[in-house]
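In what follows, chains are A, B, ... by sequence order, proteins preceding strands, each numbered from 1. Just so you know, these numbers use all the heavy atoms, side chains as well, and skip hydrogens, waters and symmetry mates.
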Number of protein chains: 2
Amino acid sequence: MQQASAEKYTKQRQAAIRAAASVFAEKGFHGACTKDIAERMGIKQGSLYYYFKSKEEALGEVCLFGIQDYVGHMATIADSNQPFEAKLIATITSHLSSYRERNEALKVYNDERLYLPKARRSRLKELGSGYRQRLERIFEEGRISGAVRQSVDCHFAAQAVIGMCNAWGDLIVRDPDLDLFTVIQKCTDLLINGFTKKTTTTT
Amino acid sequence: MQQASAEKYTKQRQAAIRAAASVFAEKGFHGACTKDIAERMGIKQGSLYYYFKSKEEALGEVCLFGIQDYVGHMATIADSNQPFEAKLIATITSHLSSYRERNEALKVYNDERLYLPKARRSRLKELGSGYRQRLERIFEEGRISGAVRQSVDCHFAAQAVIGMCNAWGDLIVRDPDLDLFTVIQKCTDLLINGFTKKTTTTT
DNA sequence: ATAATTTTCTATAGATCTATAGAATTCTTC
DNA sequence: GAAGAATTCTATAGATCTATAGAAAATTAT
């Protein structure tokens, strides 16, 4: 009668995950009720449990869906042979594109993932810290190759990029007319060159 | 018998607000229950309603408490006569200091304020957008005075600073041993000079 | 068409949570 | 130490929400 838990990604289950993402994004995990999610799918509350064993499982799936895309992307970027600036741009592009495409799930990942029980969070944590480590590594390599200033703290730099992307992601989500390409350009310029007037001295 | 709603800031009420901040920060608004808050104060659930008319009022007070400090600070900074860089440093210092001092309330403001009903949110919104506008103005003035590059988009720059401060705030909250002064230095350096190698040409 | 499988429905137990009322206690002030 | 005010307590109504069981409907395979 029940199969749920088996991680099949049928079209229906995708729809369930998206519905959950949408409701969680709007009302938060605890604020949302399973009835809302079911209704957004056009089914009744009880039927939702055909797709998820529990409300928490739904949250877990949404979070995973929210990040798996750009986290996967990061592995490719980090392992590529591009110079520092190209890697940075690729990172920002990937992150901001995700915001445009699956902003709801991403918001849920950012805001609600801590409400998951530890057991369910571990996989996410793995992915998240893999992302951060790779980004940090990019900065370290950039420093070695001379593209990044010596005084830059790689740990803080990575955190800064993530923070900025999330802040700009908000703008992107709020204003659907905002041109993604323009945003990416502005952002990378800011990060690479800083605010103040400088002149490049190509090393 | 009841006086609650009157906005008295007695010591007890401050304690109530801090207790609420602590619980909301940990469990989120909907995830927290009034019993948790009361227990953290050492009183029973029902007694909490002596201090707050409702759970929502508690959230509102916590959010206000979380930002009023550095929002107030911003007015002073913006109106002062310092040059651009000094204003930027003062902004970051104020923001990050707030994270160290009242991180719980600040986290609640960031994460939970959207769950407030519109009526109660308006005052917060006013404060928040005042902050943002002043910060944007600082960048505009900096551009006029020549301290900020022409290609910098002030709207995005302000958003970036806010996003970065919040991301760094996370680090500060997570690691209490982190020296605030060091963090502020690293952050401002990153913002002012960017990641890549440049040489200053003092205008 | 019949059987088997998948999906959805209804109804509900069991749990939890907010807000209130009114009594009981502690603190102030004269 | 008695009167009045402030604070906390107990008990509860009324509401809401999750998860489950088992019947019903829809879909697919034989």
(request) Find the distance B/Ile43:CD1 to D/dA6:P and express it as a whole number of Å. (result) 17 Å
(message) Just the rounded figure in Å: distance from C1' of D/dT10 to OH of B/Tyr50.
(response) 18 Å
(request) Check the distance between C/dC9's C1' and A/Tyr51's OH and give it to me in whole angstrom. (result) 13 Å
(message) Between A/His95 and A/Tyr131, do the side chains contain a donor N or O and an acceptor N or O under 3.5 Å apart?
(response) yes
(message) The criterion is salt bridge (charged side-chain N to carboxylate O under 4.0 Å, His left out); which residues satisfy it with A/Lys107, sequence neighbours excluded?
(response) A/Asp111
(request) Whole angstrom is fine here: how far is it from CD in B/Glu39 over to C1' in D/dT8? (result) 15 Å
(request) Mind calculating the distance between CD (B/Gln12) and P (C/dT26) to the nearest angstrom? (result) 15 Å
(request) Could you tell me whether A/Glu140 and A/Arg137 have a side-chain N and a carboxylate O separated by less than 4.0 Å? (result) yes
(request) Report yes if a side-chain nitrogen or oxygen of A/Ser47 is closer than 4.0 Å to either non-bridging phosphate oxygen (OP1 or OP2) of C/dT7; otherwise report no. (result) no
(request) Summarise protein proximity over nucleotides 12-19 of chain C in one line of letters, 5' to 3': B for base, S for sugar-phosphate only, - for none, counting protein heavy atoms closer than 4.0 Å. (result) -----SBB
(message) Check whether A/Arg132 reaches the backbone of A/His155 with its side chain - one donor and one acceptor, N or O, closer than 3.5 Å.
(response) no
(message) Restricting to salt bridge (charged side-chain N to carboxylate O under 4.0 Å, His left out), what partner residues turn up for A/Asp69, sequence neighbours left out?
(response) none
(message) Less than 4.0 angstrom from a charged side-chain N to a carboxylate O is my criterion; do A/Glu112 and A/Lys55 meet it?
(response) no
